[in-house]
Structures are given as structure tokens and as C-alpha cells.
Number of protein chains: 2
Amino acid sequence: MTYSIAEAARRTGLSIDTLRYYERIELIDPPARDTGGRRTYSEDDIGWLGFLTKLRTTGMPIRLMREYAKLRRGGPATASRRKQILVEQRRDVLERIAELQGSLDVLNYKITNYEQIEKDMAGLLAAPQEAAS
Amino acid sequence: MTYSIAEAARRTGLSIDTLRYYERIELIDPPARDTGGRRTYSEDDIGWLGFLTKLRTTGMPIRLMREYAKLRRGGPATASRRKQILVEQRRDVLERIAELQGSLDVLNYKITNYEQIEKDMAGLLAAPQEAAS
DNA sequence: ATTTGACCTGGAGTGCACTCCAGCTCCTAC
DNA sequence: GTAGGAGCTGGAGTGCACTCCAGGTCAAAT
């Protein structure tokens, strides 16, 4: 089973332009073509694109994804460097998560402040009625 | 106590150019100036910059930070909108963390694969010796 | 046979968040 | 009084990751 570029885009969540762009910058190998010269993406192509998008969501720069892609073409001999890239990326992701959690604390603190302000405002609004009663 | 732009940069981790840039785009109010026309950042300025950088690390676009900054100038009347922005950002951060955790699973899976390959390689290297012994 | 719609190419354009630069002023130290 | 260093301004340039476009091809449907 193969997929047209439109189907590949739908399945990967990337745009058609991005798929062609990834090919241009040699992030992916040129997919096969049909008789009309149109790209046909294999299941493997889709899987690789899926992995790449996972790497993208970790914030890996395309530069590094390209290196990984290039190594992948180099076969088993490049496995240790590839592993190294992933291990480093995992470290980055863990750092990023910790950083986000830190920011989350700040957000929660600020939000709590605003809730306190809301409570105070409600108190001020209620007060005159209490005084009137 | 006030700080020169160089000190403010050091304290906030932003560059001098970024500080001036933030001022230009009205993300921060123009700081006071000394007699020579040089910027002098107050403790409050530094605190606000610190909060802004926290927001930046959450991935909040500068566009939105500008809106928040503008609201802040608007005083208490804008508190509920400001809170709303922070609550939405908190949701985004939680999503982002979940997404990163998902990517982490993929990375761990791949890394485990590479480790398995390494073990297999070691086995292949060891085998001839075993045969020889 | 022609219209339609998906896809093709090379190249230009976009938005974001900075970052750098030239040419200037101002204060401090010698 | 002059040399050096920090800071000033307006504006241009950068890197990244797309995104869009014009002008063309190709196959299927009418």
C-alpha cells in the first residue's frame, strides 16, 4: 500500500508543502514515484515521518534531524552515534520538562493571586449590602 | 538600587539587545534614565522581566505577552482577562508536558533498541573467542 | 476534446524573535 | 584634555521552519 502526498500529509499531520520541503533538505529520502511522476509514500516512509515529527515535538532542530537521517542511510556502523543523539535529546527533553514544571509553579502562584483578588472584590461588593442589612 | 542595562541583562539572562528590543515592542515600559540618558532598571523592572522570561519558557508568543503587558498597564480592571491568559497558558503547558512525555517514551523505546543492538554486537564479537576456547 | 483537480518544479515570501551594525554621546580615569 | 569603555539610536540582517506562488503536467471524468 502506498499513499499520495495528500494522504501522507493527512497521516503524518504535516502539510504537503512540508513534505516536499523535508525532501528538499534531505531530511527524508525521495519517495517512489508513480507513472505520472507523482510521489508515492510507503508505509515505511510514513513511519519514518512519524518518528521525525516526534523528534520535532521534542524541539530537536532540523539540522540535527538531518544528521540523524544521514546516519540512518549509513547503516549499522552509525548506530552508536545515532544512539548518542537520542540520549542527548532525552536529556534535553527531561530538562525542558523540568523547566516547564518550574514555569507551571509560577503560573499557579500568579493564578492563585488573581483568585485571591477576585475573592477580595467579591467581599467589597458584598460589604455594602451587609452594612445595609 | 537600580541597574545598568548590562547588569539587568546579567540578572535576567537576556541580552542587552533583547532588553532594548523588548522596550521597542512595548513588552516593557521604558525604564528610567540617568542624567546621561542611560537606562536604569529598578528592582521591579527586573522582577517583571523575570516573569516575562518565565512566560517565554512556557512558549508564550511575544504577541500574547504584549497583550498581558498592556493589560497590566490598565490596572485592576483588566485582572480577569490577565488571569484568563495565565489559565490558558497553564493548560498549554500541561499539554506540552504531556506531549514531551509521549516523545520521551518513543526516545526510550528507540534507545532501548540501540542498546539491544549493542548487546548483539558484543555477542557476535565474543562468539569467535568462545569457539576458539 | 476539454475541463477539472491533484500534483509537479524552482524560487520567492513569511513570521518570529532576536542580533548586529554604524555612527554618535557621555562619563571616568589617566 | 584625551583615550577608553559603556551606552545610545534607527535601521538592517539573521536563522529557522516553513508557506506560498506561478506556470506547467498528467490522468480521469464529462
Side-chain angles (χ1 to χ4, degrees), chain A residues 2-42 45-46 49-70 89 92 96 99 103, chain B residues 2-42 45-46 49-70 89 92 96 99 103:
Chain A
T2 62
Y3 306 99
S4 72
I5 195 165
E7 284 168 315
R10 201 182 49 73
R11 278 173 190 262
T12 59
L14 297 166
S15 74
I16 289 174
D17 272 313
T18 298
L19 287 174
R20 287 196 283 242
Y21 165 68
Y22 279 5
E23 187 181 335
R24 257 197 266 198
I25 63 172
E26 292 176 85
L27 191 52
I28 58 176
D29 290 326
R33 301 285 181 126
D34 67 14
T35 51
R38 293 186 196 136
R39 291 170 180 79
T40 58
Y41 293 84
S42 70
D45 290 337
I46 303 292
L49 282 165
F51 179 57
L52 287 178
T53 57
K54 276 287 173 201
L55 289 184
R56 278 299 292 128
T57 69
T58 69
M60 183 183 282
I62 282 193
R63 206 180 65 251
L64 195 50
M65 295 186 1
R66 273 190 64 189
E67 185 187 345
Y68 190 93
K70 198 174 166 188
Q89 195 60 22
D92 286 0
R96 185 90 190 93
E99 189 181 51
S103 307
Chain B
T2 63
Y3 306 100
S4 71
I5 195 165
E7 285 168 314
R10 202 182 49 72
R11 277 170 192 265
T12 58
L14 297 167
S15 74
I16 289 174
D17 272 314
T18 299
L19 287 175
R20 287 197 283 241
Y21 166 67
Y22 278 5
E23 187 181 334
R24 257 198 266 200
I25 64 172
E26 293 176 85
L27 191 51
I28 58 176
D29 290 326
R33 300 287 179 125
D34 67 12
T35 52
R38 294 187 196 136
R39 291 169 180 79
T40 57
Y41 293 84
S42 70
D45 290 339
I46 303 292
L49 281 165
F51 179 57
L52 286 178
T53 57
K54 276 289 172 199
L55 289 184
R56 278 298 293 126
T57 71
T58 70
M60 184 184 281
I62 282 192
R63 206 180 64 252
L64 196 50
M65 296 186 359
R66 273 190 65 191
E67 186 187 345
Y68 189 94
K70 198 174 166 189
Q89 195 60 22
D92 286 359
R96 184 90 190 93
E99 189 182 52
S103 307

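By convention in this document, chain letters (A, B, ...) are assigned in the order of the sequence lines, proteins followed by strands, and residues within each chain are numbered from 1.
Side-chain to base pairing of R20(A) with dG10(C): no donor and acceptor N or O lie closer than 3.5 Å to each other. Contact annotation: side chain of R38(B) to base of dC26(C), donor-acceptor pair present below 3.5 Å. Checked by distance alone, R33(B) brings no side-chain donor or acceptor within 3.5 Å of a matching partner on the base of dG7(D).
Shown here is R33(B), whose CZ atom has more than 12 heavy atoms of other residues, nucleotides or ligands within 6.0 Å.
Distance I5(A) CD1 to dA27(D) P: 17 Å, rounded to the nearest Å. Atom pair D17(B):CG and dG10(D):C1' shows a separation of 13 Å (rounding to whole Å applied). Between M65(A) atom CE and dA17(D) atom C1' the separation is 10 Å, expressed in whole Å. The separation between I25(B) atom CD1 and dG10(D) atom P is 15 Å, rounded to whole Å. Rounded to an integer number of Å, the gap from R66(A) CZ to dC16(D) P is 11 Å. Computed from coordinates, the E23(A) CD to dC8(C) C1' distance equals 11 Å when rounded to whole Å. Atom-to-atom, CD1 of I16(A) to C1' of dG5(C) comes out at 12 Å; the value is rounded to the nearest Å. Across the protein-nucleic acid pair, L19(A) atom CG and dA17(D) atom C1' stand 14 Å apart, rounded to whole Å.
Picking from dA17(C), dC7(C), dA17(D) the nucleotide with the shortest atom distance to the side chain of R56(A) gives dA17(D). Side-chain proximity of A6(A) to the nucleotides dC7(C), dG7(D), dT19(C) is greatest for dC7(C). When distances run from any side-chain atom of R24(A) to the nucleotides dG10(C), dA17(C), dC18(D), the shortest one goes to dG10(C). The side chain of T18(A) lies closest to dC18(D) when the candidates are dC18(D), dT19(C), dA27(D).
Using a distance-only test at 3.5 Å, with no hydrogens or angles considered, a donor-acceptor pair links the side chain of D45(A) to the main chain of S42(A).
Salt-bridge annotation for E7(B) and R38(B): absent, with no side-chain N of the basic residue lying under 4.0 Å from a carboxylate O of the acidic one.
Within the structure, a side-chain polar atom (N or O) of S4(A) is placed less than 4.0 Å from OP1 or OP2 of dC7(C). OP1 or OP2 of dA17(C) has not a single side-chain nitrogen or oxygen of Y22(B) nearer than 4.0 Å.
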Item to check | side chain to side chain contact (heavy atoms under 4.5 Å, CB included) between I46(B) and Y3(B), intermediate numbers included | outcome: CA-CA 9 Å; I46(B) 303 292; Y3(B) 306 100; 3.7 Å; yes
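For the residue pair T57(A) and E99(B), no side-chain donor N or O sits within less than 3.5 Å of a side-chain acceptor on the partner.
The 5' end of DNA chain D is approached more closely, in terms of each residue's nearest nucleotide, by L14(A) than by the other of G37(A) and L14(A).
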